[in-house]
Amino acid sequence: MEYRSTRGDDQHTLSGAAAILQGLAPDGGLYVPVKFPQPEFKLQQLVQLSYQQIAQLVLSWFFDDFSAEQIKTSVTAAYGDHFDRKEIVPVTKKVGGNYYMELFHGPTLAFKDVALQLLPYLMTNAATIQHSNRQIVILTATSGDTGTASMRGFSDVDGTQVIVFYPYQGVSPIQLKQMLSQPGQNLKVAAVKGNFDQAQTMVKQIFNDQAFNEQLHKQGAQFSSANSMNIGRLIPQVAYYFNTYSQLVKRGEIELGDQINFAVPTGNFGDILAGYYAKKLGLPINKLICASNQNNVLTEFIRTGNYDRNRPFYQTNAPSMDILVSSNLERLLFMIADEDEHVVVDLMNQLQQTGKYQITPEMHAKMDSFVSGFAAEKEVEQEINRVFHENHYAIDPHTAVASKVVRNLQELTDDSKPTVILATASPYKFPETVLKAITGQSAQETGLPAVKQLNQYLGDDIPAGIQELDTANSIAETVIEPALMKNLITKSLIARQ
Ligand SMILES: *Cc1c(COP(=O)(O)O)cnc(C)c1O
């Protein structure tokens, strides 16, 4: 199984281990399989498997340069006690006619944990496979959750260092507290004056800065990424689509072979792309519902084939989806362009120069697995309120975006197939919004006090990952201009020497 860049030809390939270590291709593209795996599996057999076994199977389809033993020990170490449910990713009973796939039972309470508890093991094994003893410097631009989850996953992992950039005043109080209080000698975190798109663009530029990379190599280090741009972050996410399907079959909710829908709160298009990969691998998925907040570039793109980021950027109550340039869309473009890198390069150039592009009707026709919709902030609050008061089930604002979009679609169409909504974060991660939505009252204080106030209404247990913040020591926030990101990286590299 070889990988290539979405912007490079298929003569320049590399192994899965090399692609994971690299993170991003030097030409600015993203790594994709040269030949998409066509595994032979029987759905029926999946139903017998645990989450860990399904994850092993999926990883073995994509990363055949890893030994079975390497994959097994990685998966076992990643998916154990750090999750507060033994199912790792439990699926609810029907709640108001749909299912919720709870992806927030890891240590930092968002779906990012599912991949980022595993990625450090994949990366250290990849270094072994590649005979690399370079220090791996993981650069991460985060809209909130990837930062915390990658700091948590890589904390004090030998041979790695993590540098996280998040938008200044663009993350929730709990997300901020999590990032500023994560212990680890190898972690650095800074706020960037700008939004996520600006931080992500700078990180990409730094990745592709040849002189900087050479300097880093001389120091015995290399960059990698923990964003969903890294194929090693994306593939573990494919597993939970298979697992959810098998859960529903096992519980008798669906029959083997039935088609189901998945609704995904979307930002960088990573999570939903993992669903598309699952469909390509043969999982019976009917529609992938791409749900956006008011930053609804993707809603329009999926409907019309017209991508246009020239629009206001909104800071919303679902901050992890406040994104106008969705990196992983490039991987989808590559597939619907029949793997023609010239088409991808051309579209990405247009995006960079004009902020927009339009795909051909032929390409657009190949996106028929996707449907889209968006929800505004007020609708998000109403949806949290409705789901709670009708079903006594609390959802976070990101999940509520998808939940609302699903309801709108169900009213408009006669699609009666079972639908699974990806619940991407715990409601306790965004207690201010959830409290306000459920009770109509604002939190007296943001952050942990709001968690406690919310808890009085929910009457469940506050997740350990939030409780521990109560006694955690925080560092002061570092705030920098985007132009100083490179400088900060250099300084923290020197500090580590
Ligand atoms: C990151 C994130 C998303 C968006 O996922 P993408 O893979 O970037 O599309 C949605 N919800 C939450 C809670 C997130 O942390």
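Computed over heavy atoms, backbone and side chain alike; hydrogens, waters and symmetry mates excluded. Numbering of ligands and ligand atoms starts at 1, following listing order. What you see is a predicted model; the values in this text were computed from it and never measured.
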Worksheet item: Would you call the rings of His398 and Phe430 parallel, tilted or perpendicular, where under 30° means parallel and over 60° means perpendicular?
Response: tilted

Fill in: Aromatic centroids of Phe370 and Phe269 separated by under 6.0 Å
yes

Fill in: Glu300 and Arg303 ion-paired at < 4.0 Å
no

Fill in: Within the protein, residues bringing a heavy atom under 4.0 Å of ligand 1, chain by chain
Phe111, Lys112, Asp145, Pro265, Thr266, Gly267, Asn268, Phe269, Gly270, Asp271, Ser320, Met321, His398, Thr424, Ala425

Worksheet item: What class does the angle between the rings of Phe83 and Tyr79 fall in, given that below 30° is parallel, 30 to 60° is tilted and above 60° is perpendicular?
Response: perpendicular

Practice prompt. Can you sort out the partners of Thr244 under side chain to side chain contact (heavy atoms under 4.5 Å, CB included), two or more places apart, ordered by chain and number?
Written response: Val91, Met101, Leu248, Phe262, Val420

Discussion item. Check the orientation of Tyr277 and Phe62. Use parallel for under 30°, tilted for 30 to 60°, and perpendicular for over 60°.
Written reply: parallel

